Amino acid sequence: MDAILGVIRDFVERKRGKPAQGIGPNTALLRDGYLDSFALVELIAELEKQLAISLPDGSLIPEDFETPEVLYNRLQEL
């Protein structure tokens with residue numbers, strides 16, 4: 001979970017230009033404006049790169065990015 005939070009925080013600060021220190025496991029990433037639909041594709045690529053994983057195309061949907069915890073649980077299933 002810590003690794004995923006780190007990737008998300010880094011992405012939000014670097015790519016989105018927003019402070020990310022307040023992002024926790026239950027932060028609503030889309031609703032609270034940390035991510036939008038365009039950023040999801042970039043974040044998936046960032047997750048693959050930083051976590052050294054390969055995600056099949058279409059394996060993640062916008063609902064998987066509801067919170068970092070939801071994303072973590074979804075990645076555990078893949």
Side-chain angles (χ1 to χ4, degrees):
M1 177 58 128
D2 290 338
I4 290 173
L5 274 172
V7 172
I8 292 170
R9 288 176 182 148
D10 179 61
F11 178 83
V12 167
E13 287 184 356
R14 217 172 12 90
K15 298 282 190 169
R16 307 283 293 157
K18 298 180 180 214
Q21 66 271 14
I23 295 176
N26 296 308
T27 300
L29 297 171
L30 295 165
R31 186 189 72 214
D32 291 350
Y34 290 106
L35 300 175
D36 61 24
S37 58
F38 297 110
L40 297 183
V41 175
E42 289 182 76
L43 179 55
I44 290 170
E46 198 68 25
L47 287 164
E48 289 181 315
K49 178 182 167 188
Q50 290 195 30
L51 301 177
I53 59 175
S54 180
L55 299 170
D57 288 341
S59 61
L60 294 174
I61 59 174
E63 289 79 10
D64 294 329
F65 294 87
E66 182 180 335
T67 68
E69 184 173 33
V70 170
L71 179 59
Y72 173 79
N73 290 334
R74 179 68 178 125
L75 290 173
Q76 295 302 309
E77 294 172 2
L78 296 176

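On a predicted model such as this, the values are computed, not experimentally measured, just so you know.
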Could you tell me whether the side chain of [Y] reaches within less than 4.5 Å of the side chain of [X], counting heavy atoms only?
| X | Y | answer |
| --- | --- | --- |
| Lys18 | Glu13 | no |
| Leu5 | Pro25 | yes |
| Gln50 | Asp10 | yes |
| Lys15 | Glu42 | yes |
| Thr27 | Thr67 | no |
| Leu29 | Leu71 | no |
| Asp64 | Leu40 | no |

Is there a path of hydrophobic side-chain contacts, each under 4.5 Å between heavy atoms of I, L, V, M, F, W or Y residues, that connects [X] with [Y]?
| X | Y | answer |
| --- | --- | --- |
| Leu30 | Val12 | yes |
| Phe11 | Val70 | no |
| Met1 | Leu47 | yes |
| Leu55 | Ile8 | yes |

Open item on the list: Tell me the closest heavy-atom pair linking Pro68 and Gly24, and the distance in Å.
Closed with: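 Between these two residues, the closest heavy atoms are CG-O, 3.3 Å.
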
- [ ] Provide the closest heavy-atom pair for Leu35 versus Phe65 in the form atom of the first, atom of the second, distance.
- [x]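 Heavy atoms only, the tightest pair is CD1-CD2, 4.4 Å.
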
With rounding to the nearest 0.5 angstrom, report the [atom1] to [atom2] distance, [X] to [Y].
| X | Y | atom1 | atom2 | result |
| --- | --- | --- | --- | --- |
| Leu43 | Phe38 | CG | CZ | 15.5 Å |
| Ile23 | Asp32 | CD1 | CG | 9.0 Å |
| Leu75 | Ser59 | CG | OG | 8.0 Å |
| Leu78 | Ile53 | CG | CD1 | 8.0 Å |

Task: Polar side-chain atom of Arg74 near backbone of Ile61 as donor-acceptor pair, under 3.5 Å - done: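 It does not hold such a pair.
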
Task: Short N-O contact, Asp36 and Arg16, less than 4.0 angstrom - done: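 Yes.
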
Open item on the list: Looking at Glu46 and Arg14, is there a salt bridge between them, counting it only when a charged N and a carboxylate O are closer than 4.0 Å?
Closed with: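 Glu46 and Arg14: salt-bridged.
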
